[in-house]
Protein chains: 2
Amino acid sequence: MATAESDRPGFLLPLLLLAGFRTLIDDLHAELARQGHPELRPLHGFVLQAVGSDGTTATELGQRLGISKQAAGKTVDRLVALGYLDRADDPRDARRKLVRMTPRGLDGLRRSAVVFDQLRQRWADTLGPERVAAIEDDLRAVTPANWFRLDVPGWFGG
Amino acid sequence: MATAESDRPGFLLPLLLLAGFRTLIDDLHAELARQGHPELRPLHGFVLQAVGSDGTTATELGQRLGISKQAAGKTVDRLVALGYLDRADDPRDARRKLVRMTPRGLDGLRRSAVVFDQLRQRWADTLGPERVAAIEDDLRAVTPANWFRLDVPGWFGG
DNA sequence: ACTATTTGGTCAACCACGTTGACGATCCTA
DNA sequence: TAGGATCGTCAACGTGGTTGACCAAATAGT
C-alpha cells in the first residue's frame, strides 16, 4: 500500500536515491574486496569504465568524468600505483601520455560489471524486473541526458 | 516502451540513482543560491535537518550523520562561520556545547524543504505521482532501514 | 619556414570532508 | 574519593576535488 502524498516530504526522495546508490556501491565494494580487489575504492570502477579497453589520455578522461585534467591525472596516479592502469608515450604525439588498463585493471572492471549485474538481479528478485526497469526509465526521464553518458560535470560529488 | 533486460548492464542503475540524486541536489543548490543562500553547500541542508529545531551536540550530530564526532565538529565550525548555527554552553553539563540553529539556519532549512517539495512535484508532473511514489517505495524496500532515518554510516560519501 | 596560438601534462597551493589517535576537562559510579 | 566514561578539541593524515602557472610539443597563419 502506497503512502499518501502528504507523508512524503521532498527531502526523502533525494535521501532514498542516495541510499540506493550507496547501497549498491557499498555492496559492490565489499564483494570486490572479497574477490581480490580490496584496494579498489567505490568510484574507481567508474574510472576504469571511463578509461575503457582502448585507453585514453588524462585530459580526455577528465572530460569524460566532468572533472579537471589535474584531478583526472591524480586519480590516474593512484590507479597506476595500485596496478590498475599504466601510462605509455603516444608515438604520434609526444605531449600525450596514453592511459591504459593493465590486466589487473581489466579484471577489476569485468568483476565490477558482473557484480553490478548480480546486484541489479537481486533488486529484480525483490521488486520484480519491471519495477527495476521502471526506475531506470523514470530516472532517465528526469535527469539530463549527459548523466548516463558519463560526461557530466562533477558526477563524483564535490 | 521499456528496453529489453539485456540492454541494461548493471552499472547503469547506480549511475542513474546518482544522477537522480545529484540532479535534485544541484537544482536545490541553485535555487537556494537564488533565494539568498549561495554559501549553503548541497549537503548542509541535511546537516541542518539533523541538527533540528531543538539543537544537539557535536557528538550526537556525528551519530545521527554516521560520521565521527570530529568530522561533525568541523562541519559545525563551518556552519557557525557561515551564520547558520551557533554554539552555547550547556548549563547542566560543562562538557557539552549545544549546537543550535540561528534564524538564518532555520530559514535555510525551511527553504530547502520547500524547494525539495517543489522538485518532487516536478518529477510527479513528468512521471505521474504514482511512479514517484513507486520509486520511493521500491528504494525503501531495497535499502537498509537506517538509511532514511539519517543515522547511517558514511552517507556523506567518503 | 617561422612565429603565434593551442593543447597535454605536471607542479603547487588550496579547500571540503572524512579518518584515527591523543588528551584535558567534566561527569558519573562503585 | 578514586576510576572510568564521555565531550570537545587538536593534530596529522588521506582522498577527491579546485585554480593558476608553466614547459614542451603540435598546429595554424602569414
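Residue numbering restarts at 1 for every chain, and letters A, B, ... go by the order of the sequence lines.
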Next item on the list: Indicate, with a heavy-atom threshold strictly under 4.0 Å, whether Ala58(B) touches base, sugar-phosphate, or nothing.
Entry: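 The answer is sugar-phosphate, as Ala58(B) gets under 4.0 Å only of primed atoms, P, OP1 or OP2.
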
Check: Thr59(A) near the nucleic acid: base, sugar-phosphate alone, or nothing, with a heavy-atom cut-off under 4.0 Å?
Finding: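 Sugar-phosphate, backbone atoms only, no base.
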
Note to self: Between the base of dG9(C) and the side chain of Lys69(A), is one N or O donor paired with an acceptor at under 3.5 angstrom?
What the structure shows: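 By the distance-only test, yes, there is a pair.
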
Below the 4.0 Å mark, does [N] have OP1 or OP2 next to a side-chain nitrogen or oxygen of [X]?
| X | N | value |
| --- | --- | --- |
| Arg41(A) | dG16(D) | yes |
| Arg87(A) | dG8(C) | no |
| Thr57(A) | dG8(C) | no |
| Thr75(A) | dG16(D) | no |

Next item on the list: Indicate yes or no: does Arg104(A) engage Glu39(A) in a salt bridge with an N to O separation below 4.0 Å.
Entry: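 Salt bridge between Arg104(A) and Glu39(A), a charged N being under 4.0 Å from a carboxylate O: yes.
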
Checklist line | Carboxylate-amine/guanidinium contact Arg96(B) Asp89(B), below 4.0 Å | finding: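 Looking at Arg96(B) and Asp89(B), the cut-off is not met.
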
Checklist line | Nearest-0.5 Å distance that lies between atom CG in Leu13(A) and atom CD in Glu136(B) | finding: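 Going from CG on Leu13(A) over to CD on Glu136(B), the span is 5.0 Å.
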
Notebook entry, point to check: Do any of residues 88-98 of chain B sit with a heavy atom less than 4.0 Å from DNA chain C, and if so which?
Noted result: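 When residues 88-98 of chain B is checked for heavy atoms under 4.0 Å from DNA chain C, the hits, listed by number, are Asp93(B), Ala94(B), Arg95(B).
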
Check: Which of the following nucleotides, dC11(C), dC17(C), dG9(C), is nearest to the side chain of Gln70(A)?
Finding: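 Among dC11(C), dC17(C), dG9(C), the one nearest the side chain of Gln70(A) is dC11(C).
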
